[in-house]
Each structure stands twice: as C-alpha cells, then as structure tokens.
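Let me begin by presenting the structure, written as structure tokens, before commenting on it.
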Amino acid sequence: MNVKRNPGNLGNLVHPALVSIACLLWLSSAYAVPNPPLNLDGWVTEALAKLETDGVTGGFHRHTAPLSRAEVIEILHQAEARVRTGVVVPSEIDRKLLEKLKREFSVFRGALDVYDLRNNVSLRNPSSTLSMTSLIFPELRVTTEKIAPALEGAFHYQHGNLTLYTECEAHNFEEPYRPDNFLYPPAAKGTSAEQRLERWRGGYTGNVKRGYVQINAGQFNVLMGRDAIFWGASPQTSVGISDNSPPFDQVRLTGTFGKFKATAFTAQLDATWNDENVRYLAKRYLSGHRLDYQHNDRLEIGIAEWVLYGGDAQTLDFKYANPVTFYYALQYNAKSDDNVMFAFDIAIRPFDGVRLYGEWLIDDFQYVPGARDPHAVAWLCGVEWYPKKLARQFGLRAEYARVNRWAYTHLVPDNQFTHFGAMIGHPIGNDADTFTMRASYQFTVSTKAEFAARVSRNGEGTVAARFYGEDFNALPFPTGVVEHITAFGGTVTYRPRRAWNARFTYAWQHTRNYQHSVGESGQGHRAFLQLGYLW
C-alpha cells in the first residue's frame with residue numbers, strides 16, 4: 001500500500017492512520033449485516049436481500065438482524081411456495097440463488113420443513129431434530145504489508161428447541177471490525193479501558209466472535225451469549241444500532257406474531273476510563289427494544305428505542321432491562337441523565353426489483369418551544385435496483401447518510417455511543433455525511449463483481465465533543481475545517497458453497513484538508529487477496 005501526504009504542492013509522507021486501517025480488509029467475515037449461524041462470509045445475507053428486493057421471498061422482517069437459521073428456513077419455505085404456486089416467476093440468476101440457499105440449509109435432514117414462524121405452525125416435530133454441524137475455514141491472506149495464514153471456524157448444535165453456537169477466529173493482522181472502514185473517517189480512539197483482542201504467540205490473536213445458547217419456543221426465542229445486532233433498513237450500514245462495533249455480550253428476547261416482530265435485549269459494553277475530577281473505570285450497559293411491522297411484502301416499518309448508561313458504581317439497571325417499558329419516561333421520572341435514543345425506519349418496494357428505504361435517529365430532539373439546544377439527529381436514505389431487462393444480474397444502489405455534530409455524544413462521557421472504541425452507529429461517526437454509489441454484477445451463482453464510489457465530508461466534531469451552549473444556528477455542517485474524502489474500490493468474489501473460494505479487492509482513497517489542516521492532502525491505495533478452503 002502506498003500512501004502520500006502532500007502539504008501544499010510537494011512532500012511524500014506515510015499516512016499511518018490509513019496504513020493501520022487498510023492493512024487488512026476482513027473479507028472472510030460478514031460484509032455488512034450479521035450473518036445467520038455457520039455463514040462465515042455474508043453470501044447468505046446478500047442473497048436473501050437480493051431475492052427480497054426482486055420479490056422472490058415475499059416479505060420478511062429484514063430490518064432486524066441477525067436472522068436465525070430457523071428464520072432463514074422459514075423464509076426459504078415461503079419463497080419456494082411462491083415459486084411453486086406461480087405467485088412469482090424468478091429470473092434465472094434468482095432461481096439459482098434460491099436453489100443454492102436451499103442446498104445450504106438442507107444440512108439438517110428435513111430442515112426446510114421444520115418451522116413456519118409467521119403462522120406459528122409446526123411443520124415437523126422439532127423435538128426429533130438432533131444435529132451437529134461445523135465449518136472450518138483456513139485462509140491465506142495477502143496484502144502489500146504481509147502474507148499470513150488465518151483460520152475461522154464455527155460449530156452449531158441443535159436438539160429440539162435448544163441451539164448452541166460458537167464462532168471463532170485466529171489471525172495475526174491488524175484488524176478493523178468493518179471490511180470497508182478504510183472508506184470512512186477514523187473511529188473514536190482511546191475510549192476503551194481494555195481491548196477484546198490480545199496478541200498471543202507469533203502475534204496471533206484468538207477470538208470468540210459469537211457464542212450463545214438459544215431456546216426456541218414457537219413464537220418466542222431467548223438468546224444468551226455473544227452476538228451482533230443490526231437494526232435498520234439499509235443493506236450495509238445503519239445510523240442506529242449496527243455491526244460496526246464488536247458483538248455484544250447480551251440476553252435477547254424475540255417474539256414473532258404474524259405481521260409483527262418484537263425484539264428486546266440488554267448488553268454489557270466495554271468499560272471506559274473517566275478522567276474528569278476523579279479517575280474511575282466506568283461500567284456501561286445498553287438496553288433496547290424494537291417493533292417491526294410488515295404490512296405486506298412491499299412495506300415494512302420499524303420503531304426502536306434504546307438507552308446507554310454507565311458510571312463508577314453502575315450496575316445493571318433492571319428498570320431498563322424490562323422489555324415492555326419506555327426508557328424515556330423511566331429516565332425522565334427518575335431524573336437520570338442516561339443516553340436515550342429513538343429510531344424509525346421504513347422500506348417500500350413499489351415494483352419487483354426496486355427498493356426504497358430510509359432511517360431516522362433521534363438522539364436528542366427539542367420539542368419544547370424556545371429550547372436553546374440543537375437537534376442531535378441522524379438519517380439516511382437509499383435506493384437499490386435490479387433491472388428486469390438485465391435479467392436481475394446487474395444491480396445499482398445509491399445511499400446518503402448524515403449524522404449531525406452532537407448525535408452519539410452525551411454530556412456524561414461514560415454514555416458515549418461507542419463499544420471497544422468503535423461507533424455503535426454509522427461508521428462515519430458524528431459531524432459527517434457520505435454518499436455512496438455501488439454497482440454489482442452477478443456473473444454466476446458463485447461469482448460476483450462490485451464497484452463502489454464514495455464521497456464523504458468529515459467535520460471537526462467528535463464523539464467526545466459536548467454541547468456547551470455554542471451558537472449552533474451559526475455553525476455550518478459539517479463544522480470547522482472539513483475533510484473531503486473521495487474513495488473508489490472494486491471487489492471480485494468467487495464463493496461456491498464449499499471447497500475453494502477467493503476474493504480480490506482494490507481500493508483508492510484521497511483526502512483533502514487531511515486531519516482538518518487547510519491545504520494538506522493525503523491519498524492511499526490498497527490491494528488485498530484472500531484464498532480459502534471451506535469444509
């Protein structure tokens with residue numbers, strides 16, 4: 001990777017921030033929304049999203065992820081019924097993707113006939129289901145910095161209504177948590193008191209990315225352990241709770257009632273040092289609940305609320321662990337200063353192959369007339385399109401996201417919206433916006449190419465900033481000396497269900513007003529190759 005910083009007209013200096021971010025593109029893991037169990041590189045999630053946009057699957061609760069294997073099986077059962085009865089006639093590529101998904105989820109004997117979660121119908125006696133499945137994924141990762149092996153693995157055990165799942169990895173690369181972090185401004189730094197990943201022998205790190213016990217009981221399921229959460233309508237990013245940060249150690253309850261899906265969780269976040277007045281290690285927690293409504297296969301609406309709280313002597317607050325209360329009212333009546341947020345999202349499919357979506361986050365909203373505080377909000381909107389005339393093989397997606405200066409921040413530093421130093425929300429952080437265009441082409445069911453271009457503006461506001469009575473109406477957006485970032489990238493992927501697979505990525509980025517210095521500029525490029533064997 002070559003990175004240059006050009007002060008004025010001349011000068012070649014290494015840009016260490018870009019080097020550390022770009023030394024590894026973590027392509028063997030989820031590319032966007034968290035994966036269903038035993039899916040190590042995201043193709044299942046991407047295939048389901050495409051089939052839903054094209055009208056093949058019919059509607060499913062796509063905005064609350066990750067999906068369980070039982071939920072994916074029910075979605076495939078629904079899609080198969082729609083194709084069989086002539087409700088939808090899939091394109092050739094969509095038909096092949098559906099067949100590939102059916103083969104993937106027939107690992108369990110009779111798996112396609114286990115659950116109908118939407119109608120709460122047992123299509124097969126789950127108590128007779130006993131299965132153990134594991135995947136091992138040795139890889140060779142090649143960057144301009146080094147070549148080294150890595151290993152990922154997952155184990156899934158199911159007996160009746162009980163599921164055990166563990167997903168691990170080992171590597172010796174510096175690792176961003178999102179695969180395309182190099183396109184975004186750097187995340188918050190120095191906010192964690194400890195890191196989840198520690199070096200071991202030979203510089204290698206071993207990590208349990210996900211590991212949980214899940215109990216399914218018809219309409220309800222309970223998960224206890226470590227898992228990711230993604231709430232939002234965007235296929236890849238969210239201004240609310242996203243998978244930009246490491247997975248949470250949590251207890252999660254989910255219920256599906258026809259057109260409705262309700263989710264609630266309580267998680268413990270990383271501890272952070274607070275150095276104001278008296279130095280202490282703050283324990284932090286995050287609780288949230290969400291309700292999805294699917295009017296039909298063309299309209300889905302979601303509403304969510306969550307609260308982040310912490311402190312020196314903070315323990316789990318059971319009033320927030322209650323899944324059927326309203327956090328804002330609880331905080332207001334208790335005169336607490338916790339970080340409560342609301343989020344709304346919507347997706348509309350006016351035609352098969354076209355999907356419009358949007359998200360709106362309220363961190364702080366001034367509804368009292370004459371209030372002298374700014375609105376702390378974030379939002380995004382986008383469209384994705386798979387033209388029928390191009391046999392649904394070509395896809396376009398455009399998305400714009402904006403996070404205002406004081407969103408994700410809080411007057412109490414313990415309550416910043418971060419986990420292990422990474423933003424829980426959108427990876428651009430606050431005081432920034434970004435516009436992305438993506439074009440993809442599905443050559444075969446296993447071979448796909450994608451090109452992306454992104455322009456971003458990154459203001460001087462950070463997640464550690466607080467509102468101290470500034471004249472916010474006079475501040476432009478973004479604030480201060482603004483970094484202007486332009487990035488281009490392309491990826492070619494070959495991913496059959498098993499055996500050999502490969503992925504190659506090239507990306508280039510240019511930053512104007514680098515590190516918020518007028519006239520400074522920086523640029524960098526990076527190539528990455530991953531070869532692996534999955535069995």
Side-chain angles (χ1 to χ4, degrees), residues 1-7 15 17-19 21-22 25 31-32 176 178-188 232-239 242 244 356-361 377-385 395-405 407-408 422-423 425-440 449-463 475-491 505-528:
M1 173 180 177
N2 300 315
V3 183
K4 296 180 180 179
R5 189 181 64 170
N6 304 314
H15 181 215
L18 281 177
V19 172
I21 293 173
L25 188 63
Y31 186 66
R178 289 188 57 87
D180 54 354
N181 262 359
F182 72 99
L183 293 177
Y184 294 114
S234 172
Q236 191 165 15
T237 57
S238 173
V239 294
S242 74
N244 184 60
L356 310 173
Y357 59 89
E359 300 176 13
W360 185 37
L361 169 79
V377 299
W379 56 275
L380 66 77
C381 59
V383 56
E384 48 185 341
W385 177 38
L396 279 176
R397 184 165 83 241
E399 182 176 293
Y400 174 79
R402 167 174 169 152
V403 184
N404 284 1
R405 171 163 180 158
Y408 302 154
M423 202 70 65
H426 203 285
I428 62 173
N430 59 321
D431 198 19
D433 65 351
T434 184
F435 176 76
T436 307
M437 283 287 296
R438 294 181 181 271
S440 63
E450 183 177 62
F451 173 80
R454 173 176 284 120
V455 291
S456 302
R457 297 183 300 170
N458 179 27
E460 292 189 25
T462 69
V463 72
L475 292 176
F477 176 84
T479 62
V481 178
V482 179
E483 286 186 330
H484 294 265
I485 302 171
T486 303
F488 300 92
T491 298
T505 294
Y506 176 81
W508 174 86
Q509 177 180 281
H510 179 270
T511 303
R512 182 161 54 90
N513 294 337
Y514 166 67
Q515 291 189 342
H516 308 287
S517 298
V518 177
E520 296 280 337
S521 64
Q523 63 178 340
H525 63 91
R526 183 271 323 275
F528 178 90

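All values below were derived from every heavy atom in this structure, side-chain atoms included, with hydrogens, water molecules and symmetry-related copies excluded.
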Verdict with reasoning, Thr436 to Arg454, per side-chain hydrogen bond (donor to acceptor under 3.5 Å, both in side chains) = CA-CA 4 Å; Thr436 307; Arg454 173 176 284 120; 2.9 Å; yes
key: Test log, rule side chain to side chain contact (heavy atoms under 4.5 Å, CB included), inputs Phe477 and Asp431   = CA-CA 7 Å; Phe477 176 84; Asp431 198 19; 4.1 Å; yes
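Side-chain N or O atoms of Asn244 include one that pairs as donor or acceptor with a backbone N or O of Met423 at under 3.5 Å. Checking side-chain atoms of Glu359 against main-chain N and O of Ser234 turns up a donor-acceptor pair under 3.5 Å.
Contact detail for Val481 and His516: the closest heavy-atom pair is O-ND1, 2.7 Å. In terms of heavy-atom proximity, Glu483 sits nearest to Gln515 at OE2-N, 2.6 Å. Of all heavy-atom pairs spanning Ser456 and Thr434, the tightest one is OG-OG1, 2.8 Å. Smallest separation of non-hydrogen atoms from Asp433 and Tyr400: OD2-OH, 2.8 Å. Listed here is the closest heavy atom pair of Gly358 and Ala233: O-CB, 4.0 Å. Nearest heavy-atom pair across His484 and Asn513 is CD2-ND2, 4.2 Å.
Taking the six-membered ring for Trp and thresholds of 30 and 60 degrees, His525 and Tyr506 have ring planes inclined between 30 and 60 degrees apart.
In this structure, the separation between CH2 on Trp385 and CG on Leu356 is 12.5 Å, given to the nearest 0.5 Å. Note that the OG atom of Ser238 and the CG atom of Leu380 stand 6.5 Å from one another [nearest 0.5 Å].
The side-chain heavy atoms of Val403 and Trp379, taken from C-beta on, include no pair separated by under 4.5 Å. By the 4.5 Å heavy-atom criterion applied to side chains, Thr237 and Glu399 are counted as neighbours. Tyr408 is listed as a side-chain neighbour of Val239, based on a closest heavy-atom distance under 4.5 Å. Using a 4.5 Å heavy-atom cutoff, the side chains of Arg438 and Glu450 are in contact. Counting only heavy atoms from C-beta outward, the side chains of Arg526 and Thr505 approach each other to under 4.5 Å. Contact annotation: the side chain of His426 never approaches that of Ser242 to less than 4.5 Å [non-hydrogen atoms, C-beta and beyond].
When Thr462, Thr479, Asn430 are each tested for a side chain to side chain donor-acceptor pair (under 3.5 Å) with Arg405, only one passes: Thr479.
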